[in-house]
Each structure stands twice: as C-alpha cells, then as structure tokens.
Amino acid sequence: MTVFSTSPGTRDILAPDAARWRQFQEIFASVVQDAGYQLIIPPMFEDLGVFLRLGEATEVVTKEMYDFEDKGGRRIALRPEQTASVCRAFVEHRPTTPWKVWYSGPNFRYEKPQQGRYRQFDQVGIEVLGVEDPLLDAEVIALAATFFTRLGLKDVQLAVNSLGDDGDREKYSAALHEYFSANLAQLSEESQITLTKNPLRVLDSKRREDQVLINAAPKIRDYLSADAANHFDSVLRALDALGVKYAIDDRLVRGLDYYRRTTFEFVSTALKAAHTAIGGGGRYDGLVEQLGGPATPGIGFALGLDRTLLACDAENVFAAPNTNVSVFVVDTTGGLHAAQVCNLLRNNAISVDRAFDNRSMKAQMKAADRSGAAIALIIGTDEVAAGHIIVRPMNSGQQYAIAQDQLVAAIRSELQK
RNA sequence: GUGGGCGUAGCUCAGUUGGUUAGAGCGCCAGGUUGUGGUCCUGGAGGCCGGGGGUUCGAGACCCCUCGUCCACCCCA
C-alpha cells in the first residue's frame with residue numbers, strides 16, 4: 001500500500017497553526033477594510049500570458065512558473081503572485097477608480113524549498129489602481145507597517161527606494177551595465193550572467209565578492225527625472241508626517257520587472273535565515289497598459305504569510321488563538337443524553353464537545369481534560385434517575401448537580417467567572 | 001538548477017569497531033480506582049530502521065542509486 005505525503009514545497013497546516021493563519025488573515029482584513037479596501041478573489045490559475053507580462057528577465061517567469069496545457073489546449077499557469085491578476089481583472093471589468101482591493105491566498109512557484117520558501121506560499125496584499133498621488137504610496141506603506149504592529153512585531157525595518165520612470169530606469173540600467181562591464185573581472189560569475197539579463201538585479205547579489213563593486217556603483221537617485229524625484233521626495237515627507245520609520249536603500253530593486261518609482265521592502269531583523277524579507281511592494285505604473293488596459297497608475301504590496309509568522313515566532317508574539325470548546329459532556333449511559341445536551345447547548349450558542357464510543361468515565365474525563373473545556377458535564381445512571389446533571393468546573397476540584405432546565409443559565413454564569 | 005547535513009515507533013531521539021528477538025522519553029490505550037481528568041504506579045499496543053540494489057556467514061550501521069526533508073547558493077514573500 002503506497003502511503004502518500006505532500007508534494008515538495010507544500011504542507012498541511014494543522015492545529016494550532018491553522019487557526020493562527022486564519023487569525024492572521026482576519027487581522028489583515030480588518031486593517032485594510034477599515035482603510036477602504038475591498039476583498040478581491042481572483043482565480044488561482046490564469047492564461048500564462050497574464051504572468052509573462054511580469055518580465056522576461058524575471059526568474060519567477062522564466063524558471064519558476066507552474067504552467068501546463070489544460071484539456072482545452074489552453075496555456076495555463078498557477079499564479080506566482082496576484083498583482084498581475086488584479087491588473088487583469090481591472091482591465092476585464094473596468095471598475096471606477098480609485099480601485100482599492102485586498103487579497104489573501106496561495107501562490108505557486110517552482111523553486112527548491114528551504115526555510116521561508118515554499119512552492120505553495122500564501123500572501124496577503126493590497127493593490128490600488130488609478131491614483132498617482134504620492135500620498136497614496138505613503139498610505140499603502142503605512143498600512144503594512146500598521147499591520148505588522150498589530151501582530152506585535154517590533155523588529156521590522158522598512159527600506160524604500162525609487163526606480164524612476166521608464167526612461168530613468170533605462171538610463172540607469174545602461175549606466176550600471178557600463179560600470180559593471182568595465183569591472184567585469186571583479187564580478188562573480190553568477191552576477192556576470194545576471195548583468196546580461198538585467199543589470200539592476202546585480203545590485204541584489206548577496207555574494208561577498210560583489211559587494212565592493214556594488215557599493216561603489218552609480219546610484220539610481222542620480223538618474224531620476226525631476227518628476228520621479230519630486231514624487232519620491234513627497235513620499236518620504238509623507239512617511240515622516242505619518243511617523244513611519246524608514247531607510248533609503250539605493251540598492252533595493254526588487255524581483256519583478258514591472259516596478260516603477262516607489263519600491264519598498266519590509267525586513268525582519270529577528271529572523272536568522274536566508275530569507276528575511278517579509279513583505280514588499282511598489283508602484284507599477286504601466287502594468288495595466290501592458291495587459292491591454294488604459295494607462296493607469298498602480299501600487300501595492302504583498303506580505304508573505306509564512307515568513308511573517310516565522311518572524312512572529314522569532315519575536316515570540318502572535319500566538320495561536322485558543323480554539324477550545326467551553327464545555328465537554330461526559331455520558332456513561334450510552335451517549336444519547338450527551339447528544340441531547342450538546343444539541344441544547346449548541347442551539348444556545350455555547351461551544352461543546354463530547355466523547356463517543358461509550359468509553360469509561362475515566363477515559364471520558366481524560367478527553368474532557370484534553371479538550372481544554374472549562375466545564376465538564378457528567379451524566380451517569382444516577383443523574384438520569386434523579387433528572388439532573390453534574391456541572392464540574394475543571395479547575396475547581398468541585399462539582400454540583402443542576403436540573404436540566406437550568407443548565408444553560410448555570411453554564412452561562414459559570415463561564416462568566 | 002548547484003552544494004552540504006539528515007531520514008530508526010504518532011512526536012523528539014539513542015542504537016558502540018557490522019553480531020541473538022531494534023530501545024528510551026513523551027503521547028496513545030487499559031488497569032490500579034465499581035462512576036471523576038490534570039500527580040503517581042503497573043501493563044499494553046505501535047517499527048518492511050524512507051525505498052531499491054550491492055558487499056558479507058550476518059547490515060539499522062558499510063558502498064551505490066533513488067526519493068524525501070532541512071540548510072545554504074541562485075532567486076524571492
């Protein structure tokens with residue numbers, strides 16, 4: 001008999017972690033919905049073409065795509081991220097702007113799994129389409145910061161940068177290419193290859209031998225157009241006004257090719273791992289156009305759920321919520337009375353579980369203890385004969401009998417304590 | 001895709017230079033306790049030692065392959 005296990009890079013999220021996930025998503029939802037963002041649920045797979053717009057130089061597109069042909073002969077891909085889907089949805093439905101949406105769900109990338117990196121990984125995020133105002137950039141960044149704070153995270157650092165407009169990017173990219181080419185011998189082999197594909201990405205190299213060269217490389221800020229420079233300056237001033245702490249990082253280029261102007265990244269300094277970026281985003285003015293829509297500015301961020309939870313673990317905050325029932329019914333008379341009591345309590349919105357298979361009282365009490373319930377209700381032959389039920393608060397060491405018709409009230413008052 | 005570490009009970013792990021019937025703790029089940037959990041005591045269930053091949057009289061230990069997992073590189077959330 002073959003025993004199956006999860007595919008590489010995927011896993012089962014069981015209790016108590018699963019409840020924590022849900023709580024995470026609920027907190028995120030409340031933060032962004034209170035800021036006017038509406039939930040969008042795009043499909044998990046789309047026409048491959050949607051994601052090819054993310055850029056030919058991105059490995060997310062060239063190497064890591066989960067793509068396949070469906071039975072209708074369509075080229076399909078599991079989404080590697082959700083920004084492209086949101087833009088596609090915008091073009092498809094043409095909602096009025098500003099369009100502020102949030103999402104939560106799994107994405108897929110065919111990568112080698114390691115700590116904080118899975119083939120199926122969850123992100124929560126927001127996107128806004130149709131607004132150019134730098135104050136929106138600041139709002140978006142501030143919301144992410146607010147969310148991290150809400151989770152209880154403290155060791156999170158924000159890095160910001162501007163990649164300029166299309167023309168700026170090209171000029172800067174050319175300048176980088178020239179600079180690195182002139183010092184090619186000092187560059188690592190990997191970075192030399194990266195240079196031919198996307199010079200900007202060389203700045204992202206973590207290889208030690210590249211660092212000296214990278215540190216002395218031309219800065220993007222010297223290549224920004226007046227418009228882009230002003231925009232960036234306004235974003236920074238707004239962040240200051242909002243009290244959001246940040247550091248400007250000239251080397252922050254981010255992985256996807258569609259970014260323009262503002263980019264940002266949140267890093268957990270509590271994480272001792274290769275992957276410390278727990279969230280990031282930026283502007284992608286132009287992406288909607290690439291997907292066949294009208295010229296529309298866009299900005300957003302995505303936060304990695306798994307990584308953020310790792311950061312929470314590292315800081316020892318945001319524990320899994322308690323999902324225990326309040327009451328556990330022990331019935332040694334066959335179980336039918338327990339069924340009736342459970343039904344009664346559930347109809348009165350009191351959470352309750354019970355034991356099955358008519359096990360011994362000792363076994364059922366053990367189950368009651370394990371359930372974490374605050375109260376055990378005990379029904380034996382004596383109780384049935386007397387027409388009452390024993391109420392046993394689990395931590396008191398005491399218990400008392402109560403008539404059936406007063407049970408709900410008794411439990412309510414007991415749970416108040 | 002590249003490199004390294006690790007795969008023994010549900011979980012965490014022991015298991016000597018290859019040598020009888022593979023162990024511990026926790027968890028689980030039952031009993032001690034003829035109705036009462038969390039402490040304690042006793043007992044029990046539970047293993048194709050990841051899979052395949054090889055070396056050997058003999059392999060959980062050694063060799064090869066493979067799969068999985070973890071970590072790092074690459075890249076990214």
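Chain letters run A, B, ... following the sequence lines, proteins first, then strands; residues in each count from 1.
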Practice problem: Quick one: look up who rU2(B) pairs with, Watson-Crick or G-U, both distances under 3.5 Å, and put none if it's unpaired. | Solution: rA72(B)
Quiz item: From rC29(B), rG35(B), rA77(B), pick the nucleotide closest to the side chain of Ile390(A)?
Solution: rG35(B)
Quiz item: Any N or O donor-acceptor pair linking the side chain of Asp369(A) to the base of rG38(B) at under 3.5 Å?
Solution: no
Practice problem: Please confirm whether any donor atom in the side chain of Gln82(A) sits under 3.5 Å from an acceptor in the base of rA77(B), or the reverse. | Solution: no
Quiz prompt | Neighbours of RNA chain B within residues 355-368 of chain A, by heavy-atom distance under 4.0 Å | solution = Arg359(A), Met361(A), Lys362(A), Ala363(A), Met365(A), Lys366(A)
Practice problem: Once you apply the 3.5 Å cut-off to both distances, tell me the Watson-Crick or G-U wobble partner of rC62(B), or none. | Solution: rG54(B)
Self-check item: Side-chain N or O of Arg201(A) closer than 4.0 Å to phosphate OP1/OP2 of rC76(B)
Solution: yes
Quiz item: Are Asp353(A) and Ser371(A) linked by a side-chain donor-acceptor pair shorter than 3.5 Å?
Solution: no
Quiz item: Looking at Phe24(A), is Arg20(A) sitting on its ring face, NZ or CZ under 6.0 Å from the six-membered ring centre and within 45 degrees of the normal?
Solution: no
Exercise. Please give the nucleotide sitting opposite rC13(B) as a Watson-Crick or G-U wobble pair, both distances under 3.5 Å, or none.
Key: rG23(B)
With 3.5 Å as the limit, what N/O pairs link the protein to nucleotides 65-72 of chain B?
residue, atom, partner, partner atom, Å
rC71(B), OP1, Gln115(A), NE2, 2.9
rC71(B), OP2, Gln115(A), N, 2.6
rA72(B), OP1, Ala274(A), N, 3.0
rA72(B), OP2, Gln114(A), NE2, 3.3

Quiz item: Regarding Asn161(A) and Arg251(A), is there a side-chain donor-to-acceptor distance under 3.5 Å anywhere?
Solution: no
Quiz item: Are more than 12 heavy atoms from other residues, nucleotides or ligands located less than 6.0 Å from atom CD of Gln38(A)?
Solution: no
Quiz prompt | Donor-acceptor pair under 3.5 Å, Glu64(A) side chain vs rG1(B) base | solution = no
Quiz item: Which comes earlier along RNA chain B counting from the 5' end, the contact point of Gln398(A) or that of Tyr110(A), where each point is its nearest nucleotide?
Solution: Tyr110(A)
Quiz item: Rounded to whole angstrom units, what separation is found between the CE atom of Met65(A) and the P atom of rC75(B)?
Solution: 18 Å
Self-check item: is_close_aromatic(Tyr179(A), Tyr172(A)), centroid dist under 6.0 Å
Solution: no
Quiz item: For the side chain of Arg392(A) and the base of rG37(B), is some donor closer than 3.5 Å to an acceptor across the two?
Solution: yes
Quiz item: When Asp165(A) is tested against each of Arg260(A), Lys171(A), Arg261(A) for salt bridge (charged side-chain N to carboxylate O under 4.0 Å, His left out), which residue passes?
Solution: Arg261(A)
Quiz prompt | Residue pair Thr332(A) / Gln364(A), side-chain donor-acceptor N/O under 3.5 Å | solution = no
